[in-house]
J.: 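Starting off with a structure, shown below.
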2 protein chains.
Amino acid sequence: MNIGQASEQTGVSAKMIRYYESIGLLPSAARRENGYRDYSDQDVAVLQFVRRTRDLGFSLEEVSALLALWTDKKRPSREVKRLAETHIADLERRMREMRAVMKTLRQLAQHCHGDERSDCPILDDLAKPRAANAKKVRRR
Amino acid sequence: MNIGQASEQTGVSAKMIRYYESIGLLPSAARRENGYRDYSDQDVAVLQFVRRTRDLGFSLEEVSALLALWTDKKRPSREVKRLAETHIADLERRMREMRAVMKTLRQLAQHCHGDERSDCPILDDLAKPRAANAKKVRRR
DNA sequence: GTTGACCTTCCCATTGTGGGAAGGTGCAGG
DNA sequence: CCTGCACCTTCCCACAATGGGAAGGTCAAC
């Protein structure tokens, strides 16, 4: 099947499928005579695996490792579990950071009238230099 | 003061200070005769403001808006509050997504022996194509 | 003077994704 | 047969925000 079909069936954009191939995350796709990539149901299954691990927040590097473990029928499940737990721990850390930030933000917002008046505790507070700051709460 | 001092006092790297200036987030810094940037205590206060808003997870675009609001003494506090609340809502959405992902991951990890045996429910599950997937839980 | 710690600008890499150009292919309808 | 349209190909650019590092100027201390 063409890349468009594969994309539709997996929810991975054609752009990304080509990219994953280019960085070696996926093996080179088979080609037809006209040069079009040709995907089998097997390939689609791999793409779905990738899609799902991506949805669970694994980086492409981790996806690559998981793919290798998936393919290697003899690896101990310990390795897979370790990878998953490392990722969970990472998510937990980020959630803690975000919670702290949200707490601060909610407090700030709560004390701001939010009306026509110009005095604003949020900005006043932001202007105050702090010693202890939660670092590195960045967006997606 | 030199950029190095300003950086040290604000926790914003010299690299980032120059970058913020280059994209117009900050006004062009004063220069000495030797071409070195020269920062006043005022400038440092602005950098601290930026640092703090960044730490709270605002994007540079939002920081820019907040800086403008901060400078505009006559703006209604409503505008600031709206910005803060939009950001809070965004964080909340992301936290919800992460929570859902974590729940799934914990379940998967729980059912995996994590020992020498090779059968692994995590990989089995990842291989199963799903209909409903949490999308877009990406890293930092 | 030389050394070392600064500063300057400029370019490159990252992570993962999308946009779009320029060109080839394939099929359907006139 | 031609035309159009939908698809495919590769290639380059952009994004957000940050760091690394090169090549060169400056300054202070020894």
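None of the values given here were measured: they were computed from a predicted structure. Chain letters run A, B, ... following the sequence lines, proteins first and then strands; every chain starts at 1.
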J.: To the nearest Å, how far apart are B:M16 CE and D:dA17 P?
T.: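 Nearest whole value for this atom pair: 10 Å.
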J.: Phosphate oxygens OP1/OP2 of D:dT26: is one of them under 4.0 Å from a side-chain N or O of B:R32?
T.: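 For B:R32, the contact criterion (side-chain N or O under 4.0 Å from OP1 or OP2 of D:dT26) is not met.
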J.: Just by distance, with hydrogens left out, do B:D125 and B:H111 show a side-chain donor and acceptor under 3.5 Å apart?
T.: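 Checked: B:D125/B:H111 side chains show no N/O donor-acceptor pair below 3.5 Å.
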J.: Rounded to whole angstrom units, what separation is found between the CG atom of A:N2 and the C1' atom of D:dT9?
T.: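 After rounding, the reported distance stands at 12 Å.
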J.: Assuming nearest nucleotide by heavy-atom distance, tell me which of B:E33 and B:E61 is located more 5' along DNA chain D.
T.: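 Checking each residue's closest nucleotide, the 5'-ward one belongs to B:E61.
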J.: Is a donor on one side and an acceptor on the other found under 3.5 Å between the side chain of A:D72 and the backbone of A:L69?
T.: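 No, because the side chain of A:D72 does not come within donor-acceptor range (under 3.5 Å) of the backbone of A:L69.
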J.: Should B:E92 and A:R106 count as an ion pair when the cut-off is N to O under 4.0 Å?
T.: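 Yes.
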J.: Atom CD1 of B:I17 to atom P of C:dC6: distance rounded to whole Å?
T.: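 It works out to 14 Å between those atoms.
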J.: Start at the 5' end of DNA chain C and walk down; is the nucleotide closest to A:L60 or to B:Q5 reached first?
T.: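 Closest to the 5' end, via its nearest nucleotide, is B:Q5.
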J.: For A:D55, is there an ion pair with A:R52 - N to carboxylate O distance below 4.0 angstrom?
T.: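 Salt bridge between A:R52 and A:D55, a charged N being under 4.0 Å from a carboxylate O: no.
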J.: Specify the separation, in whole Å, of atom OH of A:Y36 and atom P of C:dG23.
T.: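 About 16 Å, once rounded to whole Å.
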J.: Respond yes when some side-chain nitrogen or oxygen of A:N34 is under 4.0 Å from OP1 or OP2 of C:dG26, and no when none is.
T.: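 Checking A:N34 against C:dG26: at least one side-chain N or O falls below 4.0 Å of OP1 or OP2.
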J.: With a 4.0 Å cutoff (strictly under), does any side-chain N or O of B:S13 reach OP1 or OP2 of D:dG19?
T.: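 So the side chain of B:S13 is within the cut-off, an N or O lying under 4.0 Å from OP1 or OP2 of D:dG19.
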J.: Specify the separation, in whole Å, of atom NZ of B:K15 and atom P of D:dG21.
T.: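 In whole Å, D:dG21 P and B:K15 NZ are 9 Å from each other.
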J.: Could you give the CD1-to-C1' distance, from B:I23 to D:dC15, as a whole number of Å?
T.: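 Atom CD1 in B:I23 sits about 12 Å away from atom C1' in D:dC15.
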J.: Of the options A:R75, A:K81, A:R78, which is the one that meets B:E116 in a salt bridge (charged side-chain N to carboxylate O under 4.0 Å, His left out)?
T.: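 Looking at A:R75, A:K81, A:R78, the match for B:E116 under the salt bridge (charged side-chain N to carboxylate O under 4.0 Å, His left out) is A:R78.
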J.: What are the atom names and distances for every N/O pair under 3.5 Å that joins the protein to nucleotides 28-30 of chain D?
T.:
none

J.: Would you indicate what A:R31 reaches in the nucleic acid, counting non-hydrogen atoms under 4.0 angstrom: base, sugar-phosphate, or nothing?
T.: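 Contact class for A:R31: sugar-phosphate only.
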J.: From OH of A:Y19 over to C1' of C:dG16, roughly how many Å is that when rounded to an integer?
T.: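 Atom OH in A:Y19 sits about 6 Å away from atom C1' in C:dG16.
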J.: Rounded to the nearest Å, what distance is computed from the CD1 atom of residue A:I3 to the C1' atom of nucleotide C:dT25?
T.: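 Roughly 15 Å, once rounded to whole Å.
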J.: If you find the nucleotide of DNA chain D closest to A:G35 and the one closest to B:Y20, which residue's nucleotide is nearer the 5' end?
T.: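 In this pair, the answer is A:G35.
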J.: Could you walk me through whether A:Q48 and A:V12 pass the side-chain contact (heavy atoms from CB on, under 4.5 Å) check?
T.: CA-CA 8 Å; A:Q48 268 158 347; A:V12 182; over 6 Å; no
J.: Establish whether B:Y19 and B:Y36 are linked, either directly or via other cluster members, by ILVMFWY side-chain heavy-atom contacts under 4.5 Å.
T.: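 As far as the 4.5 Å side-chain criterion goes, B:Y36 and B:Y19 are not connected within one cluster.
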J.: Please work out if B:R37 contacts a base, only the sugar-phosphate, or nothing of the nucleic acid, heavy-atom cut-off 4.0 Å.
T.: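 Sugar-phosphate, no base atom in range.
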